[in-house]
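Following: one structure in structure tokens, then a few remarks.
Just the heavy atoms: all of them, side chains too, but no hydrogens, waters or symmetry mates, feed the values below.
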Amino acid sequence: MTETIYQTYKDEGLTVLGVGFDWDFPYSCKEWAQTFGISYPIIDDSTTAIIEEFGTYIPWNVILDHNLSVQYSEFGINDGAIVQMIQDLLADLPSVGNDDADGSGLPNIASEILLYDAYPNPFNGTTAIGYTLPRRTKVSIDVLNLAGKRVRTIADEEEMAAGYHKVEWNAVSEPSGIYIIRLRSRGLIRTRKVVLVK
């Protein structure tokens, strides 16, 4: 999955770095990379402890923006969320390329609230909703039916740190249909459509 994503976006500026530990046991990371045709670099993390900053489960995927701020850090394989995050960050580059509000000389890519597509979608039972905040702020997340009636409040003016977050909606008590996920923060509203199928 990672190699495919790398090949898709490397010409647009994506850099991928693999991190491995127990370099020669139970198998060689170098041999593993050769076997599966991995073209991005994989480093030995036996002594540098990069993994400890995030998680020791495999796979653990981390996405940094051009400010080297963590925008995504999750265990497991969720290529939909990963690709969405990469596309959103790349799409932001032209509009913020000259924004140097912090005086760092680097673009301020995480400059707006992003709400990602739910996964899975359509779903049966539970779906996950990911979002990114550019700074610490209060967030409200509601689920609305197509009539605009709130059927569930997932977060109610909760203080959230900057970065990537993920919440789940357990909809086992709701009927099949189309619902709207609505995120509100600092006067901004973001929405995504989800389909519950039973």
Residue from Asn61, Leu64, Val62 passing side chain to side chain contact (heavy atoms under 4.5 Å, CB included) with Tyr72: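 Exactly one option meets the side chain to side chain contact (heavy atoms under 4.5 Å, CB included) with Tyr72, and it is Asn61.
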Return the minimal non-hydrogen interatomic distance between [X] and [Y], and the atom names on each side.
X: Leu196; Y: Ala171; answer: CD2-O, 3.7 Å
X: Thr132; Y: Tyr164; answer: OG1-CD1, 3.7 Å
X: Phe75; Y: Pro59; answer: CD1-O, 3.3 Å
X: Ala162; Y: Arg135; answer: CB-CA, 3.5 Å
X: Tyr40; Y: Leu17; answer: CD1-C, 4.4 Å
X: Asn121; Y: Val194; answer: OD1-CA, 3.4 Å

Atom [atom1] of [X] and atom [atom2] of [Y]: how far apart are they, to the nearest 0.5 Å?
X: Thr137; Y: Leu188; atom1: OG1; atom2: CG; value: 9.0 Å
X: Met85; Y: Ile5; atom1: CE; atom2: CD1; value: 12.5 Å
X: Lys193; Y: Ile178; atom1: NZ; atom2: CD1; value: 5.5 Å
X: Ile63; Y: Glu74; atom1: CD1; atom2: CD; value: 10.0 Å
X: Ile141; Y: Arg184; atom1: CD1; atom2: CZ; value: 10.5 Å
X: Thr8; Y: Ile86; atom1: OG1; atom2: CD1; value: 9.0 Å

Kindly work out whether a path of hydrophobic side-chain contacts (I/L/V/M/F/W/Y, heavy atoms less than 4.5 Å apart) joins [X] to [Y].
X: Ile180; Y: Val151; answer: no
X: Phe123; Y: Tyr131; answer: yes
X: Ile113; Y: Leu144; answer: no
X: Tyr119; Y: Val195; answer: no

Return yes if some donor-acceptor pair links the side-chain N/O of [X] with the main-chain N/O of [Y] below 3.5 Å, else return no.
X: Glu159; Y: Arg136; value: no
X: Ser185; Y: Lys138; value: yes
X: Asp88; Y: Leu115; value: no

Before you tell me yes or no, could you show the steps for Val143 and Ile181 under side chain to side chain contact (heavy atoms under 4.5 Å, CB included), namely the whole-Å CA-CA distance, both residues' side-chain angles and the distance that decides it to 0.1 Å? CA-CA 5 Å; Val143 181; Ile181 306 296; 3.8 Å; yes
Would you mind reporting whether [Y] and [X] have side-chain heavy atoms less than 4.5 Å apart?
X: Ile38; Y: Thr2; value: no
X: Ile129; Y: Tyr116; value: no
X: Leu114; Y: Gln71; value: no
X: Asn124; Y: Val197; value: no

Tell me, please, which residues at least two apart from Lys198 pass side-chain hydrogen bond (donor to acceptor under 3.5 Å, both in side chains).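 Partners of Lys198 under the side-chain hydrogen bond (donor to acceptor under 3.5 Å, both in side chains) test: none.
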Salt bridge (charged side-chain N to carboxylate O under 4.0 Å, His left out) partners of residues 117-133, not counting sequence neighbours, each pair once: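 For residues 117-133: Asp117-Arg192.
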Scan residues 168-182 for pairs that pass side chain to side chain donor-acceptor pair (under 3.5 Å), counting only residues two or more places apart or in two chains.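 Passing the test, one end in residues 168-182: Asp142-Arg182.
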Let me see the working for Met1 and Ile82 under side chain to side chain contact (heavy atoms under 4.5 Å, CB included), right down to the final yes or no. CA-CA 10 Å; Met1 179 199 76; Ile82 292 169; 3.8 Å; yes
